Amino acid sequence: MSPHVLVLGGTTEARELAAALAARPGTRVTTSLAGRVARPGALAGEVRVGGFGGAEGLADWLREHRVDALVDATHPFAETITANAARAASATGVPALVLRRPGWRPGREDRWHPVPSLAAAADLLPRLGSRVFLTTGRMGLAAFVHLTDLHFVVRSVELPEPPLPPHTEVLLARGPFTVADESALLREHLVDVLVTKDSGGAATAAKLTAARHLALPVVVVRRPPLPGGVRAVPDVAGVLDRLGLSPS
């Protein structure tokens with residue numbers, strides 16, 4: 001019987017993993033998307049969209065669809081689904097992995113201010129600047145609504161939903177962006193502080209390089225810890241190896 005792998009997706013790594021799995025003869029892959037992006041790109045294999053109904057709903061889906069392995073390749077800050085995936089895997093006995101790109105590391109010239117949460121980032125901001133390039137995602141803007149004296153520049157693929165900080169300028173754009181792109185944006189909008197999550201990867205790292213070149217402070221929200229007993233694999237090759245599907 002063909003092994004069935006469920007990939008909890010939404011990241012570049014999830015897309016790459018689905019393609020690698022679909023290319024393996026006799027392997028069935030289903031990618032599950034939360035449905036927050038209106039037009040997701042094409043994916044190899046089967047695709048489902050929408051939530052499962054918590055850990056119990058995911059466990060039911062694993063049983064019903066005879067899933068042989070579960071790979072959580074969601075965003076490093078998708079804390080709820082990662083916890084639900086760990087509980088569902090434990091309840092069903094389905095082997096599970098977490099695919100997480102390594103986090104960023106500051107260089108000697110970086111002016112990073114690590115914080116544990118969006119709320120902590122908001123508390124720190126008034127001491128660092130007044131014009132903020134906020135790149136923490138359109139779902140977390142509510143943490144900054146009380147900062148009425150600051151001007152925010154927010155970039156998003158789709159329009160963010162309220163609540164938003166009162167002085168917010170929204171830029172609709174889709175990456176990837178070059179260091180030149182990011183440097184131009186920071187200069188044009190007179191940005192004096194950058195806020196980001198430690199998403200890791202090269203696709204969104206150009207803004208950090210641009211901030212370094214302009215000597216701007218960067219507030220970096222640290223990743224939430226993984227559930228107990230869950231370990232991360234850093235790349236697609238590592239997942240294939242753990243699943244016993246590496247090229248011979």
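This one's a predicted model, so the numbers in the text were calculated from it and none came from an experiment.
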| request: Establish whether L186 and V153 are linked, either directly or via other cluster members, by ILVMFWY side-chain heavy-atom contacts under 4.5 Å. | output: yes

| When hydrophobic residues are tied together by side-chain contacts of less than 4.5 Å, even through go-betweens, does V220 share a cluster with L150? | no

| Under 4.5 Å between side-chain heavy atoms, hopping through other hydrophobics if needed: is there a path connecting L208 to L185? | yes

| note | Value for CZ (R174) from OG (S156), rounded to nearest 0.5 Å, stands at 9.5 Å

| task | Report yes or no: is the cationic atom of R155 (NZ for Lys, CZ for Arg) under 6.0 Å from the centre of the six-membered ring of F177, at an angle within 45° of the ring normal? | result | yes

| request: Using a 4.5 Å cut-off on heavy atoms from C-beta on, say whether the side chain of F133 contacts that of V193. | output: no

| said: Could you check whether any side-chain heavy atom of D123 comes within less than 4.5 Å of a side-chain heavy atom of L125, counting everything from C-beta outward? | reply: no

| field | Check against side-chain contact (heavy atoms from CB on, under 4.5 Å), R242 and V233 | value | CA-CA 9 Å; R242 292 280 293 274; V233 179; 3.6 Å; yes

| field | Atom pair CG/CG of L58 and L70 - distance to nearest 0.5 Å | value | 6.0 Å

| Do V218 and L134 share a hydrophobic cluster, counting only Ile, Leu, Val, Met, Phe, Trp and Tyr and linking them when any side-chain heavy atoms are less than 4.5 Å apart? | no

| field | Short side-chain donor-acceptor distance under 3.5 Å, S199 and H75 | value | yes

| Do you know which two heavy atoms are closest between A119 and A143, and how far apart they sit? | N-CB, 4.5 Å

| said: Between D72 and L99, does the side-chain contact (heavy atoms from CB on, under 4.5 Å) criterion hold? Intermediate values first, please. | reply: CA-CA 6 Å; D72 172 10; L99 172 56; over 6 Å; no

| message | Just so I know, are the side chains of H4 and V94 near enough to count as touching, which here means a heavy-atom distance under 4.5 Å? | response | no

| Just by modelled atom types, is the A73 backbone N or O under 3.5 Å from a matching donor or acceptor in the T11 side chain? | yes

| remark: Rounded to the nearest 0.5 angstrom, the NZ-OG1 distance for K207 and T178 is 14.0 Å

| query | Given side chains that start at C-beta, do those of L8 and V71 come closer than 4.5 Å, heavy atoms only? | reply | no

| How far apart are the closest heavy atoms of A88 and A59, and which atoms are they? | CB-N, 3.7 Å

| field | Closest non-hydrogen atom pair between T27 and L21, with its separation | value | CB-O, 3.6 Å

| field | Side-chain donor/acceptor of W104 to backbone N/O of G201, under 3.5 Å | value | yes

| message | Ignoring hydrogens, what is the shortest heavy-atom contact between P102 and P234? Give both atom names and the distance. | response | CD-O, 3.9 Å

| query | Counting N and O atoms only, with roles assigned by atom type, does the side chain of H167 sit under 3.5 Å from a partner on the main chain of T148, one being a donor and the other an acceptor? | reply | yes

| What heavy-atom pair brings V230 and A86 nearest, and what distance separates the two atoms? | CG2-CB, 3.8 Å

| Can you tell me if T82 uses its side chain to pair, donor with acceptor, with the backbone of E79 under 3.5 Å? | no

| task | With rounding to the nearest 0.5 Å, note down the distance linking CG in L97 to CG in D241. | result | 10.0 Å

| note | Rounding to 0.5 Å, atoms OG (S2) and CZ (R24) come to a distance of 13.0 Å

| Are the side chain of R223 and the backbone N or O of D198 linked by a donor-acceptor pair below 3.5 Å? | yes

| said: Is there a side-chain contact between R138 and L164 in this structure, where contact means two heavy atoms from C-beta onward sitting under 4.5 Å apart? | reply: no

| said: I'd like to know whether L128 forms a side-chain contact (heavy atoms from CB on, under 4.5 Å) with H113, so could you lay out the CA-CA distance, the side-chain angles of the two residues, the decisive distance to 0.1 Å, and finally the verdict. | reply: CA-CA 10 Å; L128 297 177; H113 299 264; 3.8 Å; yes

| query | What is the minimum heavy-atom distance between A203 and P176, and which atoms define it? | reply | O-CB, 4.1 Å

| Is the CZ atom of R212 crowded by more than 12 outside heavy atoms at less than 6.0 Å? | yes

| said: Nearest 0.5 angstrom please: E16 CD to L43 CG, how far? | reply: 11.5 Å

| Derivation and outcome, side-chain hydrogen bond (donor to acceptor under 3.5 Å, both in side chains), residues S183 and H213 | CA-CA 8 Å; S183 297; H213 291 168; 5.0 Å; no

| field | Greater than 12 external heavy atoms within 6.0 Å of E169's CD | value | yes

| field | Connected via hydrophobic side-chain network under 4.5 Å: F77 and F144 | value | yes

| Does the side chain of L147 come within less than 4.5 Å of F152's, by heavy atoms? | yes

| field | Side-chain touch L214/R187, heavy atoms, less than 4.5 angstrom | value | yes

| task | Establish, for the pair R48 and F52, whether the NZ or CZ atom is under 6.0 angstrom from the six-membered ring centre and no further than 45 degrees off its axis. | result | yes

| Can a salt bridge be assigned to the pair R28 and D68 using a cut-off of 4.0 Å between side-chain N and carboxylate O? | no

| query | Is the backbone N or O of G129 less than 3.5 Å from a side-chain atom of D192, with the two atoms forming a donor-acceptor pair by type? | reply | no

| request: Might you work through the side-chain contact (heavy atoms from CB on, under 4.5 Å) test for T74 and R100, ending with a clear yes or no? | output: CA-CA 8 Å; T74 56; R100 287 286 186 275; 3.6 Å; yes

| request: Using a 4.5 Å cut-off on heavy atoms from C-beta on, say whether the side chain of L6 contacts that of H65. | output: no

